[in-house]
Amino acid sequence: TTTEMAGWGTFFFSLLNYKTEKYVIAENRKIGILFRIYQLAVLGYIIGWVFVMKKGYQEREEAIQSSVITKLKGVTLTNSSESGLHLWSAEDYVIPPNVGSPYIKTSPSIRPFLNCRSCQVPDGQCLSDDDCTEGETVIAGHGIKTGLCINSTGTCEIHAWCPVEHSKRPTVPLMSEAENFTIYIKNFIRFPKFEFSKSNVLDTTDDSYLKRCSYDQVDHPYCPIFRLGDLVKWAGHDFQDMAAKGGSVGILIEWYCDLDKDYSQCNPQYSFTRLDINLNNSVTSGYNFRYARYYKDQNGETFRTLYKVYGIRFDIMINGQAGKFNIIPTIIAIGSGVALLGIVTFVCDMILLYMMNTSSFYRNKKFEIINFK
C-alpha cells in the first residue's frame, strides 16, 4: 500500500542521517581534574613512550644476517727451557686460523719427546700387584695400568706416553708481548626485510687506512683493528694475568638502526666482557687445552710432542635490529591510544553515578526515560 511504501522510504532515508551523542556537562572540579590528568597521562604515554622512545610508528626486524672475518697480526721472540729460542707469528699462535672466534696461544707449555711405553704414575700408589688392576684406567688420565707394582717406588706401572706430564699452571705468560698484537674484525650485516646492508669497515678508497688506523670510539669508529691489550682492558681485566692463566673475552657488536634516518647514522656499537670468570674468581676460571704432534725416529718408533696451551679465546657475537616507518603499526599505536582515552570516560561516569552524594541527580540528567505506556 501507499502507507507501507512511505514507511519503507522513510526508513531508507533515515539511514543517510548522521547521529551524534548528546553530552551532559557535570560542573564538578574534582572529576574534571581527574579527567584531564588522565588524558594528559595517556597523551604523554602515547607521544613520549610509544612514538618517541619505542618508535611505535616503525616496522621492525630483528632477524639480522651477519658474517665475521678475523685476522691477527703480531710477531714475538721467546726463549724458554722447553722450546728454546723461538719466533712466534700468527701462523703459530692462532688456533684455528680463519675463524670468527680465534684462540691466541699466550703461554704454550711444551713436553717434548714423549714415547709410548710402560712407565710409572705418581698418583698410583701400591703395595703389591693386587693394587694395580690390569686394564684399569688411571683416574688422572695418563694411561692404562699393566698390573705390575714397582716395589722400588711403590707406584703402579702403566702403558702411557712417557714420561707422564707434570706441568704446573704458569704465573707469567711466555708471550707477554702478545698484548701489543692486533686483531682485525670484519663484520657484514644485513636486514633482508628492508634490503639494508652495511659493514663495520670504513668505506674508503685510501689503501693505507687499515694499515695505520686503530679503533677509537670517537675518532675511528669504523676502524676494525683492535689491540689485544685494549680488548682485555675494556673487559675490565689485566692482559698479563689473563694471558698466563687463559681466558675468554666476549666481543659484542650491536647494530640498532633507525632506517628513517641517514645511512651514516647506522653505526656499530661495541661492548666487551670476560666470559670464563665469575664474581668469586674461582679456580675454574681460565682456559687451556692440549694437542700433540707425532713423528717416528729412524727405527720406526713413535714419539710425540705434547703442547698444553694457555691462551685467550675471543668470542664475537652479533646482535641488532632495524626499524622503518610503516602506516600499519602507526594506526595500531594511535588506535590503542584512543581506546585508552575512552577508559577515563567510563571511570568518571562510574564515580558520578555510584560513588557521590549527588549520584541520583546526575543519573536523572544523564538518562532520559521514555514510558510508552
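Any value given below was found using the heavy atoms of this structure, including those in side chains, with hydrogens, waters and symmetry copies removed. Quick note: residue numbers are just sequence positions, from 1.
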Between Thr106 and Gly246 (side chain of the first, backbone of the second, donor and acceptor by atom type, cut-off under 3.5 Å), is there such a pair?
no

Tyr222 and Asp203: side-chain donor and acceptor closer than 3.5 Å?
no

Is the shortest heavy-atom distance from the side chain of Val201 to the side chain of Leu210 under 4.5 Å?
yes

Taking only residues two or more places apart in sequence, or in another chain, which ones meet Arg36 in a side chain to side chain donor-acceptor pair (under 3.5 Å)?
Gln39

Side-chain hydrophobic cluster, 4.5 Å single linkage: members besides Leu252
Met317

Among residues two or more places apart or on two chains, list those pairs meeting ring-ring contact (aromatic ring centres under 6.0 Å, His included) that have a residue in residues 183-210.
Phe196-Tyr263

Could you check whether the SG atoms of Cys149 and Cys132 sit less than 2.5 Å apart, since that is the cutoff I want to apply?
no

Cys pair Cys266/Cys257: SG distance under 2.5 Å?
yes

Can you give the donor-acceptor pairs under 3.5 Å from side chains of residues 323-343 to other protein atoms, not counting sequence neighbours?
{"residue": "Asn326", "atom": "OD1", "partner": "Ile328", "partner atom": "N", "Å": "2.9"}
{"residue": "Asn326", "atom": "ND2", "partner": "Glu59", "partner atom": "OE1", "Å": "3.2"}
{"residue": "Thr330", "atom": "OG1", "partner": "Tyr57", "partner atom": "O", "Å": "3.2"}
{"residue": "Thr330", "atom": "OG1", "partner": "Asn326", "partner atom": "O", "Å": "2.9"}
{"residue": "Ser336", "atom": "OG", "partner": "Ile332", "partner atom": "O", "Å": "3.3"}
{"residue": "Ser336", "atom": "OG", "partner": "Ala333", "partner atom": "O", "Å": "2.7"}

Same cluster for Phe51 and Trp49 if Ile/Leu/Val/Met/Phe/Trp/Tyr side chains link at under 4.5 Å?
yes

Please tell me whether Leu228 and Val68 are part of a single hydrophobic cluster in this structure, the criterion being side-chain heavy atoms less than 4.5 Å apart.
yes

If I take atom NZ from residue Lys308 and atom CG from residue Asn288, how far apart are they, to the nearest 0.5 angstrom?
5.0 Å

Same apolar cluster (I L V M F W Y, side chains within < 4.5 Å links), Leu34/Phe346:
yes

How about Leu127: does its CG atom have over 12 heavy atoms from other parts shown lying under 6.0 Å from it?
no

Take a 6.0 Å sphere around NZ of Lys193 and say whether it holds more than 12 heavy atoms from other residues, nucleotides or ligands.
yes

Are Asp276 and Lys245 close enough for a salt bridge, meaning some N to O gap below 4.0 Å?
no

For the residue pair Tyr215 and Tyr270, establish whether any side-chain heavy-atom pair is separated by less than 4.5 Å.
yes

Over 12 non-hydrogen atoms of neighbours within 6.0 angstrom of CE in Met350
yes

Counting only heavy atoms not in Gln321, do more than 12 sit closer than 6.0 Å to its CD atom?
yes

Side-chain heavy atoms under 4.5 Å apart, restricted to Ile/Leu/Val/Met/Phe/Trp/Tyr: what other residues fall into the cluster of Ile33, or is it alone?
Ile37

Contact check, side chains of Pro221 and Asn267, non-hydrogen atoms, under 4.5 Å
no

Take atom CD in Gln217; do more than 12 heavy atoms of anything else shown fall under 6.0 Å from it?
no

Tell me, yes or no, whether the heavy-atom count around Arg212 atom CZ, taken from other residues, nucleotides or ligands under 6.0 Å, exceeds 12.
yes

Hey, what else clusters with Tyr256 if you join Ile, Leu, Val, Met, Phe, Trp, Tyr whenever side-chain heavy atoms sit under 4.5 Å?
none

